[in-house]
Amino acid sequence: MIRVRGLHTRFGAQVVHAGVDLDVRKGEVLGLVGGSGAGKSVLLREIVGLMQPSAGRIEVLGQDTSRLSEEERVRLQARWGMLFQDGALFSSLTVLENIQVPLKEHTSLPDDLIAEIARVKIAMVGLPPDSAGKYPAQLSGGMRKRAGLARALALDPEILFLDEPTAGLDPIGAAAFDQLIGSLQKSLGLTVFMVTHDLDSLYAICDRIAVLIDKRLIVGTIRTLLEESHPWIRDYFHGPRGRAAQAAGRAAER
Amino acid sequence: MVERGSLSTAWAGQQWVLSAAGRWDLGAVQGLEPQLRRVDPGRAAASICLDLSGMTALDTAGALLIDRLIARLRGQGHSVAVVGARDDLCTLLKEVRRAVAAAVSAPQPVEPVRPFRDLLERVGHATVTAGREGLALLGFLGLVTVTALRLLRRPGRFRARPFAFHLEQVGLNALGIVGLLSFLIGVVLAYQGADQLRRFGADIFVVNLLGIGVLREIGILMTAIIVAGRSGSAFTAQIGTMKVNQEIDAMRTLGLDPVELLVLPRMLALLVALPLLGVYADIVALAGGAVMAYGYLDITFGQFLRQLQMAVGAGTLFVGLVKAPVFAVVISLVGCYEGMRVTGSAESVGLLTTRSVVISIFLVIVLDAFFSILFSYLGV
């Protein structure tokens, strides 16, 4: 679904990525982790085309993103959805209107059907129906994220990009959001690429994990990464928080 | 390319079979929707079999259409059975069914439209809001005054550095725009005045017109309006952004007074800068007028200055400049107050910045009118 080859990113003299390779397979949930400032969000922004890498090749759904005409790019963008950290809802529109935006832009369905699709999405992300008429400022952080997710899912994308989906949520809300993403991923057959800091999310829903470290990616399952000898990865997964999440993950498996 | 979604109908004995095939996704929904609306077995209480075995893909929009179709047919008294759906399609159909049920069960509140009442309500609302805001602004003035008096007792706490910074921002950096606009105003005023006065052969009196007009009114009014647009808005935006970043809250928890730290330096800087800018604007506007008078009426600079000396005295300049500190207080007060009112989102910074400019320009002009009445009452 996503193929990144030999990606380099430089900001002035500062090198962020030096030869990043990544494959995301169809139907999997891939978590991207890394220290603060390691360039996780930059990588995400480059894949969705908000930034240009200094060198390297990015293919999404089999198309090289740097060599698309404007028209092809728009068509490709309709096939993925992105959830920003705080939802990034359009503040002048209600939740319902926010979700209708991509539907109105990319399809020419009748208005009543668009409205109904939007209402279904609102219900699917677990928002109460009366939130449809509310403005983003009237919602809590968790609800804004859910509304942002509903907008990202409006066009039934094949790939869903998530930027720190559980950041800023309380543990209960975060666990519920993980569960929501997991169940939507199954029922809609999504491929999910998420940037996260949340160890619990990694254990709960990620099939594979990519660690951005020393300007490169190390990809593996939780099991293989636990064996990894790199000091940062050891600290990450075997630190006190890592152990707690591991225990919770095991308990959930049982 | 994979086959687009389609629906075919056929009778198989007593059963009416609807066969869905291909991709039922957003791309296909557009074509399918009108067709599905018309689907009808043509007899009452038919037994219908919806065969989804040929369906290769389904998304939420497609599932919604299927759900709608089933609901409509059942509603018309037919019996509907769904067969042949793959497991993953079944999961999605159930998910959509659940979501539709949740969305429909909630009543949609409908606001009745009452044009006259709504208008009245809006006017009333706006009036009350404006009144409250005026009161709050007065309250803020009180707060700033008290803080300033407290500072007077302990002048050591005065922050010289931000004061100097803002003096540069609102004073020095405004010289260009204030000078340019004042010069142009002087030119326009001289030109229009000259055009009229020349008909009476009273060319030279254009100097009187300029002197009194600029010194008493235009010079300081124009300066105040430019500064309100330039610096008042900047005050709101700066303080508002700090509010959004919770910097103001941080100050309070550190025991610092945001009024003392943010509002007073800005207000004092404007108190010093605005009268100076006013004098500067007066001079430049008169220069503009003098250039125009020379070019258009052949009044030399010497004649211009002599006539000016006869037309106006120091009192005229004073009448104009006495308004400057009042305008300065109003502009900085409104700018800082609106900045403090910013809540949460970045959107409100923009909104309140606009408000701040509108309100301060409004107040400047109202106060100017008030001064005119006062002065004519006092016979100045």
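Chain naming here is simple, since letters A, B, ... match the order of the sequence lines and numbering starts at 1 in each. Both backbone and side-chain heavy atoms feed into the values below; hydrogens, waters and symmetry mates do not.
Nearest heavy-atom pair, B:V357 versus B:G229, reported as atom, atom and distance to 0.1 Å: CG1-CA, 4.1 Å. Looking at every heavy atom in both residues, A:A147 comes nearest to A:L139 through CB-CD1, 4.5 Å.
Contact count against chain A (heavy-atom pairs under 4.5 Å) is highest for B:R68 among B:K94, B:R68, B:E33. Of the listed residues (B:V96, B:L89, B:L64), the greatest number of heavy-atom pairs within a distance under 4.5 Å of chain A belongs to B:L64.
Proximity to chain A is limited to the side chain of B:L65, based on heavy atoms less than 4.5 angstrom apart. Neither the backbone nor the side chain of A:I114 comes within less than 4.5 Å of any heavy atom in chain B. Heavy atoms of A:L103 lying under 4.5 Å from chain B belong exclusively to its side chain. Heavy atoms closer than 4.5 Å to chain A are found in both the backbone and the side chain of B:L92. The part of A:K121 that comes within reach of chain B is its side chain, from C-beta onward, which places non-hydrogen atoms under 4.5 angstrom from that chain. Only the side chain of A:P110 comes within less than 4.5 Å of a heavy atom in chain B; its backbone stays farther off. A:I122 does not touch chain B: none of its heavy atoms, backbone or side chain, sits under 4.5 Å away.
The line from CG of B:L32 to OG of B:S6 is 7.5 Å long, rounded to the nearest 0.5 Å. Distance CG/A:L162 to CD1/A:I205: 7.5 Å, rounded to 0.5 Å.
The side-chain heavy atoms of B:I359 and B:Y337, taken from C-beta on, include no pair separated by under 4.5 Å.
With 3.5 Å as the limit, one finds a donor-acceptor pair spanning the side chains of A:S108 and B:Q30. A donor-acceptor contact under 3.5 angstrom links the side chains of A:D178 and A:S201, judged on distance only.
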